[in-house]
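Take a look at the structure below.
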Amino acid sequence: MNGYIIFYDEEIGKGQFGTVVKAQLASDLMPSASQNKDGKKVIRSTIDQTKPVYACKIFETEKFNEEDMQHVFKEINIHSMVQSDNAIKHYQAIKTSNKVYLIQEYANSFDLACLMEVRGGLT
């Protein structure tokens, strides 16, 4: 999916409008996982812990009305504009016929309160 492998079985969270799962760049995984010892192509089904992990927020848009879609696009626009060390980074939005995928920084179980505790406050 646009260069990412989406790990649907690696759920991070779930909300009213969608699910968040882990993802990795396919280019990070393919050199070591594209062929087995017999030379046959294989699809990697586990996360490579040595490579960057991303959060992928998946919206099931076939259930959405026009107002719901506007909220999703507004979220995408806001995330795209925010550039701060204190905010989750937005990398890419991918729209298919029945889903929207937001590729974002993976915070590894941190939220803003945890970050403030670790850093001793924010600048």
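Computation of the quantities below employed the complete heavy-atom set of this structure, encompassing side-chain atoms and omitting hydrogens, waters and symmetry-equivalent molecules. Counting begins at 1 with the first residue of the sequence. In this text, all values refer to a predicted model and were calculated from it rather than measured experimentally.
Annotation for E105 and Y91: closest pair N-CE1, 3.5 Å, computed over non-hydrogen atoms. Closest approach of Y54 and Q24 over heavy atoms only: CD1-CA, 4.1 Å. Scanning both residues, N65 and D68, for their nearest heavy atoms gives OD1-N, 2.8 Å.
In this structure the side chain of V72 never reaches within 4.5 angstrom of the side chain of F17, judged on heavy atoms. In this structure, the side chains of E75 and L102 come closer than 4.5 Å at one or more pairs of heavy atoms. Between H90 and V82 there is no side-chain heavy-atom pair separated by less than 4.5 Å. For the pair I12/K22, a side-chain contact is recorded, criterion being any heavy-atom separation below 4.5 Å from C-beta on. Annotation: side chain of K14 is not in contact with side chain of V20 (no heavy-atom distance under 4.5 Å). Side-chain contact between K89 and Q104 is absent, with no heavy-atom pair separated by less than 4.5 Å. At a threshold of 4.5 Å between non-hydrogen side-chain atoms, the residues I6 and I58 count as touching.
Taking CD1 of I76 as the start and NE2 of H71 as the end, the distance is 13.5 Å to the nearest 0.5 Å. Interatomic distance, M81 CE to H79 NE2, rounded to the nearest 0.5 Å: 10.5 Å. Separating the CZ atom in F73 from the OG atom in S80 is a distance of 12.0 Å, to the nearest 0.5 Å. If you take CG on L25 and NZ on K51, they are separated by 10.5 Å, rounding to the nearest 0.5 Å.
In this structure, E62 places its CD atom where more than 12 heavy-atom neighbours from other residues, nucleotides or ligands lie under 6.0 Å away.
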Begin with the C-alpha distance, continue with both residues' side-chain angles, and end with the deciding distance and a verdict on side-chain contact (heavy atoms from CB on, under 4.5 Å) for E60 and N98. CA-CA 6 Å; E60 305 275 343; N98 59 352; 5.6 Å; no
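Within the 3.5 Å criterion, the main-chain N or O of V100 finds no donor-acceptor partner in the side chain of T61.
F59 and Y101 have their aromatic ring centers separated by at least 6.0 angstrom.
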